[in-house]
Amino acid sequence: MTTPPPYIEIDGVPAADPGLLAALMSGFGHFTAMQVRDGRVKGLDLHLARLDRATRELFDQELDGKRVRALITGALETSGQRNASVRVYVYPDVRVVVTVAAPAPDGLGAPQRLTTAEYWRPAPHIKHLGGFGQSYHREAAQRAGYDEAVLTSPYGEIAEGAVTNIAFWDGTSLVWPSAPCLEGITMALLEPRLPSVRRPVTLADLSGYRAALVTNSRSIAAVTAIDEVTFTLDEELMERVYSTYDSVEWDEL
């Protein structure tokens, strides 16, 4: 027997689709975020693989990539936007929600100052919903005048930013922390194309690095400080990293 959806009102008005709204309110699901330019996406296969992998793990079902592509294309056409920030959310019963918003600016992001927070998110390999801990620490960091939070273990091992991956430049390679984290699509595109290694990075190690940067679906940005530790703004490094990302081919939806 199928359980009927709950009765839900919004500001005193019955919800048009209580079943969908209940799924959205559950906080259980996952998503991916991407930049779309002229109906194309960098790393599209990585996005589709991420969605299918998480759907199998959370809901024990597969998610057809053709369906996802059709839903994104339909949302873009309906919204009238060819350039956009797009998110694809997957909820119980494999209900898929696509959001279309204004695109992020192209080019390097503004340099960022970060502060540390003792927190590692659960199931970090999934880009899951319900990231209260991340949001809490990021909002606290921004209220304190920083741009982002760096998540660490109680012993000072660095994992990732609240909504970013972080890497450190040792003069030869980009060092990506080996602690459990969400491997972002931008990170996944850069890591094999640039000299890169993964190894533990602790707060005590920071002064030994020449530069640092953060990446996510919206930007690549230099890091100028983590708490009291400052880093050189290495413009040559940042141009190299961005040009590498910029050279990645766009995939047609």
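In what follows, every heavy atom counts, from backbone to side chain, and hydrogens, waters and symmetry copies are set aside.
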Practice task
Check whether the side chains of His30 and Glu57 place a donor and an acceptor atom closer than 3.5 Å, and report yes or no.
Solution key: no
Problem - Intermediate values then yes/no, side-chain contact (heavy atoms from CB on, under 4.5 Å), Asn165 and Trp176 - result: CA-CA 8 Å; Asn165 290 114; Trp176 304 88; 4.1 Å; yes
Handout entry: Distance, nearest 0.5 Å, that separates CZ of Arg40 from CE of Met34
Key = 15.0 Å
Practice task
Would you please say whether a donor-acceptor pair under 3.5 Å links the side chains of Thr224 and Arg113?
Solution key: no
Problem - Non-hydrogen side-chain atoms of Phe31 and Val90 separated by less than 4.5 Å - result: no
Problem - Verify same cluster id: Val248, Val41 (apolar side-chain graph, 4.5 Å) - result: no
Handout entry: For the student: nearest non-hydrogen atoms of Leu44 and Glu252, plus distance
Key = CD2-O, 3.6 Å
Practice task
Report the distance from atom CE of Met187 to atom CD1 of Ile220, rounding to the nearest 0.5 Å.
Solution key: 13.0 Å
Exercise for the section: Verify the neighbour count for atom CG of Asp38: are there more than 12 heavy atoms of other residues, nucleotides or ligands below 6.0 Å? Expected result: yes
Fill in the blank from the handout: dist Arg69:CZ -> His47:NE2 (nearest 0.5 Å) comes out at 12.5 Å
Problem - Nearest heavy-atom neighbours spanning Ser153 and Trp120 - result: N-NE1, 3.2 Å
Handout entry: Other residues, nucleotides, ligands: >12 heavy atoms within 6.0 Å of Tyr155 OH
Key = no
Please list every donor-acceptor pair under 3.5 Å in which a side-chain atom of residues 136-146 meets a protein atom from a residue at least two apart or in another chain.
residue: Arg138; atom: NE; partner: Glu148; partner atom: OE1; Å: 3.3
residue: Gln142; atom: NE2; partner: Asp147; partner atom: O; Å: 3.3

Completion exercise
The reported gap from CD1 in Ile158 to CG in Leu151 (rounded to nearest 0.5 angstrom) is 10.0 Å
Practice task
Flag the pair Arg121 and Glu160 as a salt bridge only when some basic side-chain nitrogen lies within less than 4.0 angstrom of an acidic carboxylate oxygen.
Solution key: yes
Exercise for the section: Sequence neighbours left out, what passes side chain to side chain contact (heavy atoms under 4.5 Å, CB included) with Ala188? Give chain and number order. Expected result: Leu46
Exercise for the section: Using side chain to side chain contact (heavy atoms under 4.5 Å, CB included) as the criterion, list what pairs up with Thr116, not counting sequence neighbours. Expected result: Val150, Thr152, Leu203, Ile226, Asp227
Exercise for the section: Please determine, by modelled atom types, if Arg87 and Tyr89 share a side-chain donor-acceptor pair under 3.5 angstrom. Expected result: yes
Practice task
Show your reasoning for whether side-chain contact (heavy atoms from CB on, under 4.5 Å) applies to Asn216 and Thr186.
Solution key: CA-CA 6 Å; Asn216 64 11; Thr186 302; 5.8 Å; no
Fill in the blank from the handout: Minimal heavy-atom distance between Ser85 and Ala102, with the atoms involved, is OG-O, 2.8 Å
Handout entry: Separation between CG of Leu174 and CD1 of Ile166, rounded to the nearest 0.5 Å
Key = 11.5 Å
Practice task
Would you give the length of the straight line joining atom CD of Glu239 to atom CD of Glu235, rounded to the nearest 0.5 angstrom?
Solution key: 7.5 Å
Exercise for the section: Answer yes when Glu77 and Arg82 have at least one side-chain N-carboxylate O distance shorter than 4.0 Å, and no when they do not. Expected result: no
Practice task
Answer yes or no: is there an ion pair linking Glu191 with Arg198, defined by an N-O contact shorter than 4.0 Å?
Solution key: yes
Exercise for the section: Using the six-membered ring wherever Trp is involved, compare the ring planes of Phe28 and Phe59 and label them parallel, tilted or perpendicular (cut-offs 30° and 60°). Expected result: perpendicular
Problem - Flag for Gln35-Ser217: side-chain donor and acceptor within less than 3.5 Å - result: no
Exercise for the section: Scan side-chain atoms only and decide if Ser173 and Asp170 contain a donor-acceptor pair under the 3.5 Å cut-off. Expected result: no
Handout entry: Parallel, tilted or perpendicular, as decided by the 30° and 60° cut-offs, for the rings of Tyr242 and Tyr245
Key = tilted
Problem - NZ/NE/NH1/NH2 to OD/OE distance under 4.0 Å, Asp60 and Arg56 - result: no
Practice task
Please check if atom CZ in Arg210 has more than 12 non-hydrogen atoms from other residues, nucleotides or ligands closer than 6.0 Å.
Solution key: no
